[in-house]
Amino acid sequence: MPVIPDTIFALASASGRAGVAVIRISGPKSTKVLQELTGKKLPVPRMASLRHLKNADGIKLDEALVFWFVGPKSFSGEDMVELHTHGSTAVIEAVSNTLYDLGLRQAEPGEFTRRAFENGKLDLTEAEGLADLIDAESEGQRKQALRQMEGGLKHVYEGWRSKILDALAMVEGEIDFPDEGDVPEELAHRAVADLTELSEALKEALAKSDRGERVRSGLDIAIIGAPNVGKSSIINRLARRDAAIVSDEAGTTRDIVEVQMHISGIPVRVSDTAGLRETENLIEAEGVRRARLRAQDADLCLGVIDLSSDNSEVLDTLTVGDFALYNKADLGDVKIPKNVSRETFLLSATTGSGFDELEDALEQEIKSRFSLTEQAGLTRSRHVECVRSALSALENTLANLSIAPELAGADLRVALHAIKELAGESDIEAVLDRVFTQFCIGK
Ligand code: GDP
């Protein structure tokens, strides 16, 4: 016998004092609960209606806009109700208590979306896009998440799936009817060209996945250099506030100071690190060790050199794509040395000169290396894992096709399974739990 789901409710708007609060209800008792709260007359489905909400004793709780959604034409696919009440803690508490009295329970994080997924309203990649859209803080994140929520990635993998199915039909045709005249002997080999093309498409998606993941998780930029070259002053200018302590005492920045900003629609963490130098001081030495690690892990390093003294060792730490910043240009007639192998900038953190050029170049660099592409792509390591296993199964298929089509068929099924995992169809509880618990309550 199918299990009847609980009817759940949650505050879908943020908690705290606000003009309006949205309380969502989903499950088989939703309609009855709405009638209990508002009297018997149900509103027209999907239309806003103004109603008094009352508890079981007939005490008025609030005047609210109510919406009634009849499943499956609702977000979760079940019968749903939305109450737009006044946004005070007291109203929310009074309505919640009444809902508890009516036998409802508070929803778990992501439970509405999980029900939508289980009722076939969206696939796992679309649910992930929705989670990302709720978390989006930058323009790039918003665009990428919206595209994924609207089925961008689903569209891509459905194309892959149909190509695998076509190939499977050809391969199994050869196995099942090896002697029939209308199934040409070399039929399976016709699949080779299509599968080669498909493998290339998967490889391309994997190659671009770093962009998608970076848009979600953000980029790291590390500012490195000897003590006193002006690293803290530079981060403060970039952040347009005093994030790091500026001091002419060498070794002041011992731990890493991070500033969050958005460049080209991508969240960026810029970190000011301890000045790189040999030191006897244990705490400072630990700072230097962390600075070196941060520089290694960063997506981009800004190596700072003080034009008024000789400290260009930092150039040895920089790699291709990193920037060399020659600071303190205000101190008289200074020039960048010739033949520096990195892109160079002449700056003054004191006067601000050179910062427009630096910021433009950072934007260009980030855009060209990490910004969004036009097509939907892989945005999570979960996607990358699934596509990697699909690709390796396809490579096995191609290798086996000429030797043993039976094996190629099995490989194709492995590839198909990987696509199913990407879609969330393979029903792996642990994966589903991980995705849905990342949501806030009420979604
Ligand atoms: P850090 O140790 O590399 O983080 O360097 P700070 O930002 O703390 O700066 C060290 C000293 O250099 C401070 O006295 C700053 O005021 C000074 N300084 C930083 N940038 C400039 C600059 O562009 N021009 C001048 N004249 N002094 C600067």
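Numbering of ligands and ligand atoms starts at 1, following listing order.
- In Val229, the parts holding a heavy atom less than 4.0 Å from any atom of ligand 1 are both the side chain and the backbone.
- Counting the atoms of ligand 1 from 1 in the order shown, those under 4.0 Å from a heavy atom of Ser233 are 6 (P), 7 (O), 9 (O), 19 (C), 20 (N).
- Using a cut-off of 4.0 Å between Lys/Arg side-chain N and Asp/Glu carboxylate O, Arg382 and Glu421 are scored as not salt-bridged.
- Only the side chain of Asp330 comes within 4.0 Å of ligand 1, judged by heavy-atom distances.
- Between Gln144 and Thr379 the shortest side-chain heavy-atom distance falls below 4.5 Å.
- By the 30° and 60° cut-offs, the orientation of the rings of Tyr100 relative to Phe9 is perpendicular.
- Checking each of Leu104, Asp79, Val70 against Ser30 for a side chain to side chain contact (heavy atoms under 4.5 Å, CB included) leaves exactly one that passes, namely Asp79.
- Within a 6.0 Å sphere centred on CZ of Arg413, other residues, nucleotides and ligands contribute 12 heavy atoms or fewer.
- The shortest N or O to N or O distance between Ala349 and ligand 1 is under 3.5 Å.
- Applying the 6.0 Å contact sphere to NE2 of His155 captures no more than 12 heavy atoms from other residues, nucleotides or ligands.
- Close approach of ligand 1 to Ser348 (heavy-atom distance below 4.0 Å) involves ligand atoms 23 (O).
- The shortest N or O to N or O distance between Asp272 and ligand 1 is not below 3.5 Å.
- In terms of polar-atom proximity, Leu331 is not counted as a contact of ligand 1, lacking any N or O under 3.5 Å from an N or O of the ligand.
- Atom numbering of ligand 1 starts at 1 in the shown order; those under 4.0 Å from a heavy atom of Lys231 are 1 (P), 2 (O), 3 (O), 4 (O), 5 (O), 7 (O).
- By the 3.5 Å distance cut-off applied to N or O atoms, Pro227 is not counted among the residues near ligand 1.
- Annotation for Lys121: atom NZ counts as buried by contact number, over 12 foreign heavy atoms lying within 6.0 Å.
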